[in-house]
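Letters go in sequence order (proteins before strands), and every chain restarts at 1. We use all heavy atoms of the structure for the numbers below, so side chains are in, but hydrogens, waters and symmetry mates are not.
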2 protein chains.
Amino acid sequence: MGRRVEPVRLAGKNGRMRREQPGPDALVRSAYIAHRHFVEGRTRIEIAEETGLSRFKVGRVLDEAVSSGLVTFQIASPSGIDLDLSIKLTRAFTLDRAVAVNVPSEQPEVMQQYLGGTAADLVTEILTDDDVFGLTSGRTINALARALKTLPSCEVVQLAGIAGPIQETGIETIRRVSAIAGVRPWTIYAPLVASMASTAEGLLQQPEIRDTFAQFARVSVAVVAVGSWNPADSQMMQNPALGAEDRDKLVARGVRAEVGATLVGDGGEIIHDLDNRCLAIPEAQLRRIPQVIAVAGGAAKTEAIRAVLASGLVHSLVTDAATARRLIGA
Amino acid sequence: MGRRVEPVRLAGKNGRMRREQPGPDALVRSAYIAHRHFVEGRTRIEIAEETGLSRFKVGRVLDEAVSSGLVTFQIASPSGIDLDLSIKLTRAFTLDRAVAVNVPSEQPEVMQQYLGGTAADLVTEILTDDDVFGLTSGRTINALARALKTLPSCEVVQLAGIAGPIQETGIETIRRVSAIAGVRPWTIYAPLVASMASTAEGLLQQPEIRDTFAQFARVSVAVVAVGSWNPADSQMMQNPALGAEDRDKLVARGVRAEVGATLVGDGGEIIHDLDNRCLAIPEAQLRRIPQVIAVAGGAAKTEAIRAVLASGLVHSLVTDAATARRLIGA
DNA sequence: AATAATAATGCTCATATGAGCACACCGATT
DNA sequence: AATCGGTGTGCTCATATGAGCATTATTATT
């Protein structure tokens, strides 16, 4: 083969080629070299010996092929994760981890199914025997529990009281998770919000609840839901113990989102007005957990998520691709 | 620790996985590393420092990302050249160059337009002032001439007499090319085939024709058309000087294709029966040209092209993508 | 519990690669 | 002619990388 293995002229007309497009020969030659290197894994030196070019020339052809866009790198996930968005999200908010999940529909149930499933995969992946796993309650967290198949035998701690109706977000979430882990769960048999501070104080005296609260300091990995107060998409907010008056007052105070029972304003500031009526991990202890993963998605929650990310309460995020785009882009 | 019998352990202490599918975290992490390396061009060591991994680990993640298909290399041409096919074609027939052109239609005129255009780009690219450029005639070569915009000032030599009707494949092809090169052309004012050997011999005595024939030895780059004799798609074959009797006899002899006036059989063997009635570069001299580029395409010519490639008469090929696929046998 | 089998990690050292430089070449300009 | 600027080339040398190996961590088996 190699009939002309002499110094190749990539430029036509004795190098009189200016900023023109490469001709067919240069194109095919570049493509061949790129294929040989990137796809077949040959070294530049091997290609140089084959083609009779210098290794420097091969390197330059390769660089040019990449920078001109002749060669592009496609990073595509076989699973339903948008890797590119995930990376952008990680960077945009300086997160430990971010996962943007492709969901087939924006319907809440479908969304919860997918986010919960992915979050389940995520915690299955990162939890170890030595971890202490904390969870809040909520529909998405419930979907997570249902999607869990296996888990290391780590302890499981409920981080917050029950936010919504019992049948939806029951204690069974924690029970299921701890059953999979094969350990006894630390539960909180109480509502997330009490009507009066005195009630909350009373509940906190209960031995079981105190025991659970005592575990908060040991939690190493937590998964938390995010509720939106404006627009309203939060089980905590809809809790009957919270009167319309309280709600309005808090929204007027700038509450945009909640994590557990920690209320977050638009800029990420924490609003403590309701603290003494809540049964959940306090902000200070939440911040001490090394890895807090928020799981939330949907258009309505976009700004709530943004607020939570600004608060620095969470280190990681699992959300849907559309919401990821909204968070990053416009 | 943990003496209890666990169900199924998927993850080890440090989140290590067995031969399971990577979880979302590993996936995003790999994607991030791959992005940083391939797209952003960071070295493995830089990425190692950023991420806290060892450079070996980064290398392994990268290898795994490539071999698992997470990262794919896409080599796509902005122009109408199918680079992948071109490479396969080059390899399958051990060619110097091969270009597979995407054509919007299989119609002969459209095909000629595209092949001629690409061939024009190709010769514009590879010719230098010191080359001597040889051409046969034919409709595709004519399209090449029309598509030519610039050319080094190299000499232009007509390699074969006129194959078809004057109006279609006239001498003007050569005239146009040489005009662009800015030099005097070496022409052959004569038909490709004569009715009788004596006529051909007589024409060969003509000073102008002898002068042109004398240039054959100097030709360094040639572009040739390919005609198909079975199925019939060749202007030479349809030349009136070739009687039906001659045609049938030659086809019966196994002629499958022609290059200039060199007849080629199925296995690539040369059939010399008609040599003494033709006015064209002889096989021996054609073989001495360092770079002979065949330009031909279309379903009907597939087997003719295959025969010509087998003959070793040409070093390079410009064809349409569909024909390239047929030739490769994919 | 002990031990084998397996997998993952980081090391050494030889090799491959990149950055910058000097040179050659071409075309344009004085 | 002479010179200049631009471009393409291959060199040197410091750095990055790969192959193979020893070590450790983890899982499976006795």
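In summary, the side chains of B:Arg218 and B:Gln215 do present a donor paired with an acceptor at a separation below 3.5 Å, with no hydrogens or angles considered. Under the 3.5 Å distance criterion, with hydrogens and angles disregarded, a donor-acceptor pair is assigned to the side chains of A:Arg44 and A:His37. The closest side-chain donor-acceptor pair between A:Ser30 and A:Glu64, if any, does not fall under 3.5 angstrom. Judged by distance alone, the side chains of B:Thr173 and B:Asn142 do bring a donor and an acceptor atom under 3.5 Å apart.
For the pair B:Glu64 CD and D:dG18 C1', the interatomic distance rounds to 17 Å; values are reported in whole Å. Remark: C1' of C:dT17 and CZ of B:Arg42 are 17 Å apart, rounded to the nearest angstrom. The separation between A:His37 atom NE2 and C:dG18 atom C1' is 13 Å, rounded to whole Å. Regarding B:Phe56, its CZ atom lies at a distance of 17 Å from the C1' atom of C:dA7, rounded to whole Å. Across the protein-nucleic acid pair, A:Ile45 atom CD1 and D:dC11 atom C1' stand 14 Å apart, rounded to whole Å. One can place CG of A:Leu53 at 13 Å from P of D:dC11, the figure rounded to the nearest angstrom. Across the protein-nucleic acid pair, A:Lys57 atom NZ and D:dT7 atom C1' stand 11 Å apart, rounded to whole Å. Rounded to a whole Å, the CG atom of A:Leu62 is 9 Å from the P atom of C:dT17.
Of the two residues contacting DNA chain D, namely A:Arg55 and A:Arg60, the nearest-nucleotide position lying further toward the 5' end is that of A:Arg60.
At the phosphate of C:dG10, OP1 or OP2 sits under 4.0 Å from a side-chain N or O atom of B:Ser54.
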